[in-house]
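Working notes, structure below.
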Amino acid sequence: MKPKKGNLIMQNKAKNNKKKRELVYKPYKKGVAASKMAAVRGAKTLIYYILFVFLYIILGASMQFENTALRIIANFVLVLACGMMLYMDGAKLGESEAALGEITLQREQSGKNVHPQDAQRCYNPAKGWFMMLIGVLPLLVVTVPYAIFAQKQVYVLQGLPSWVSGFEGHDEISLPLAYYTREGGTEIMDLLRLIVRVLVFPFANMATAKNPDAMLLVDRLSPILASLPSLGFALGYLTGPLGRAMVHGDIASSTKRHQRKIRKAIKARREKAAKKNEII
């Protein structure tokens, strides 16, 4: 027999209710957004990024596929993986500081002394952005000036044969020759280009040197591209209260399940006792 439509609806509702995770938010004390401790923690995100750069260099050579779609997907996955690692690190820190904020608020309400450092370390939504800014600031110092003055990189041929000078008066020849005799960039720009290309190595891999227009776009967007992994840290930190709400929700759900089991056990004992009394 096929189950009735009404029963199916009830079963689906029951399944949806089970899938929903209970969230219990508790008040917490807000910490200081900008502090020395937060700055030190933000500097650690820069260290993580430098480690990612070394990872880019090691794996980048194996991701220079001729197939454009495959090359873009592979390098994007690498950037996404690094961003997710920082996201999880930020989420872990945000949850621990939200927990500290709850404990600190309870201590204040109960009239106990709170250490000033504990008060600073409590969760603050703006702290994640401050730590991200500290982490990306050295990157911006390098990438922003280069992004402003970056030019399309072209091949330069110097020392043309002397017999070519006799044709420089013709427009149809002088214009192409002007391209080949264009002077290279300054040493400072060359150094900045090298550093920036390393910092945004996966995106440079996506564009490739064969496409100077795409590479110029990467150079122009290098401040944003270099900041993307650190953005994951800031977004992860913002989930701190949500993580704590999930923990409290799991505890509340576990307590409710335990209480239901106790009530069922008591009810079963009473029914068993009632049946014995009826027999007697």
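Below, each value reflects all heavy atoms present in this structure, side chains not excepted, and no hydrogens, waters or symmetry copies.
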Item to complete: Look at the side-chain heavy atoms of Ile, Leu, Val, Met, Phe, Trp and Tyr, link any pair under 4.5 Å apart, and say whether Tyr49 and Leu221 land in one connected group.
Response: yes
Item to complete: Find the distance between NZ (Lys112) and OG1 (Thr104) and round it off to the nearest 0.5 Å.
Response: 12.0 Å
Discussion item. Within this structure, what is the CG-CG distance for the pair Leu199 and Leu192, rounded to the nearest 0.5 Å?
Written reply: 10.5 Å
Item to complete: Determine whether Phe201 and Val53 make a side-chain contact, defined as any pair of heavy atoms from C-beta on separated by less than 4.5 Å.
Response: no
Worksheet item: Does the side chain of Tyr237 pick up a donor-acceptor pair with the side chain of Glu97 at under 3.5 Å?
Response: yes
Worksheet item: Under 3.5 Å, is there a donor-acceptor pair between the side chain of Asn75 and the main chain of Arg71?
Response: yes
Discussion item. Can a donor-acceptor pair be found, under 3.5 Å and without considering hydrogens, that links the side chain of Ser35 to the backbone of Ala38?
Written reply: yes
Item to complete: Inspect the surroundings of CG in Leu46 and state if more than 12 heavy atoms from other residues, nucleotides or ligands are less than 6.0 Å away.
Response: yes
Worksheet item: Could you give the distance from CZ (Arg220) to CE (Met215), rounded to the nearest 0.5 Å?
Response: 14.0 Å
Discussion item. Show, in sequence, the C-alpha distance, side-chain angles and deciding distance for Leu23 and Leu242, and conclude whether the side chain to side chain contact (heavy atoms under 4.5 Å, CB included) test is met.
Written reply: CA-CA 8 Å; Leu23 300 177; Leu242 177 62; 4.0 Å; yes
Fill in: Rounded distance [0.5 Å steps], OG1 in Thr45 versus CZ in Phe52
10.0 Å
Worksheet item: With side chains defined as the heavy atoms from C-beta onward, is the minimum distance between Glu95 and Val247 less than 4.5 Å?
Response: yes
Worksheet item: Going only through I, L, V, M, F, W and Y residues with side-chain contacts under 4.5 Å, is there a path from Met132 to Met37?
Response: no
Discussion item. Using the rule given for side chain to side chain contact (heavy atoms under 4.5 Å, CB included), can you reason through Leu231 versus Tyr87, listing the C-alpha separation, both sets of side-chain angles and the distance that settles it, and then say yes or no?
Written reply: CA-CA 8 Å; Leu231 178 62; Tyr87 177 89; over 6 Å; no
Item to complete: Flag yes if Val200 and Phe54 sit in one hydrophobic cluster, no otherwise; membership is Ile, Leu, Val, Met, Phe, Trp, Tyr, and two members link when side-chain heavy atoms are under 4.5 Å apart.
Response: yes
Worksheet item: Of all heavy-atom pairs between Leu55 and Cys82, which one has the smallest distance, and what is that distance?
Response: CD2-SG, 4.3 Å
Fill in: Polar side-chain atom of Arg121 near backbone of Gly31 as donor-acceptor pair, under 3.5 Å
no
Discussion item. Quick check: closest heavy atoms across Trp129 and Leu238, and the distance to 0.1 Å?
Written reply: CZ2-CD1, 3.8 Å
Worksheet entry | Side-chain heavy atoms of Tyr123 within contact of Lys30, under 4.5 Å | no
Worksheet entry | Atom CE of Met246 with >12 non-hydrogen neighbours under 6.0 angstrom | yes
Item to complete: Please say whether more than 12 non-hydrogen atoms of neighbouring residues, nucleotides or ligands are located less than 6.0 Å from CG in Asp213.
Response: yes
Item to complete: Inspect the contact between Asp89 and Lys92 and indicate whether a charged nitrogen and a carboxylate oxygen are less than 4.0 angstrom apart.
Response: no
Worksheet item: Do you know which of Arg193, Lys152, Arg197 makes side chain to side chain donor-acceptor pair (under 3.5 Å) with Asp219?
Response: Arg197
Item to complete: Determine the minimum heavy-atom distance between Ser227 and Leu140, stating which atoms define it.
Response: OG-CD2, 3.9 Å
Worksheet, complete the sentence: Heavy atoms of Cys122 and Gly101 approach each other most closely as SG-CA, 3.6 Å
Worksheet item: Looking at CE of Met85 and CG of Leu51, how far apart are the two atoms once the value is rounded to the nearest 0.5 Å?
Response: 9.0 Å
Practice prompt. Could you tell me whether the side chain of Arg107 and the main chain of Asn113 form a donor-acceptor pair under 3.5 Å?
Written response: yes
Fill in: Phe149 atom CZ, neighbour heavy-atom count above 12 within 6.0 Å
no
Worksheet entry | Side chain proximity check, Leu225 to Leu228, heavy atoms < 4.5 angstrom | yes
Worksheet item: To the nearest 0.5 Å, how far apart are OG in Ser222 and CD1 in Ile148?
Response: 10.0 Å
Item to complete: Test side chain to side chain contact (heavy atoms under 4.5 Å, CB included) on Phe233 and Met131 and set out the steps.
Response: CA-CA 9 Å; Phe233 178 86; Met131 289 186 288; 3.8 Å; yes
Discussion item. Membership question, hydrophobic clusters at under 4.5 Å side-chain separation (ILVMFWY): are Ile50 and Tyr48 in the same one?
Written reply: yes
Discussion item. Please determine whether residues Val40 and Leu93 belong to a single hydrophobic cluster, defined as Ile, Leu, Val, Met, Phe, Trp and Tyr linked transitively by side-chain heavy-atom distances below 4.5 Å.
Written reply: no
Worksheet entry | Closest non-hydrogen atom pair between Val79 and Pro202, with its separation | CG2-CB, 3.5 Å
Discussion item. Tell me the closest heavy-atom pair linking Thr143 and Ala226, and the distance in Å.
Written reply: CG2-CB, 4.4 Å
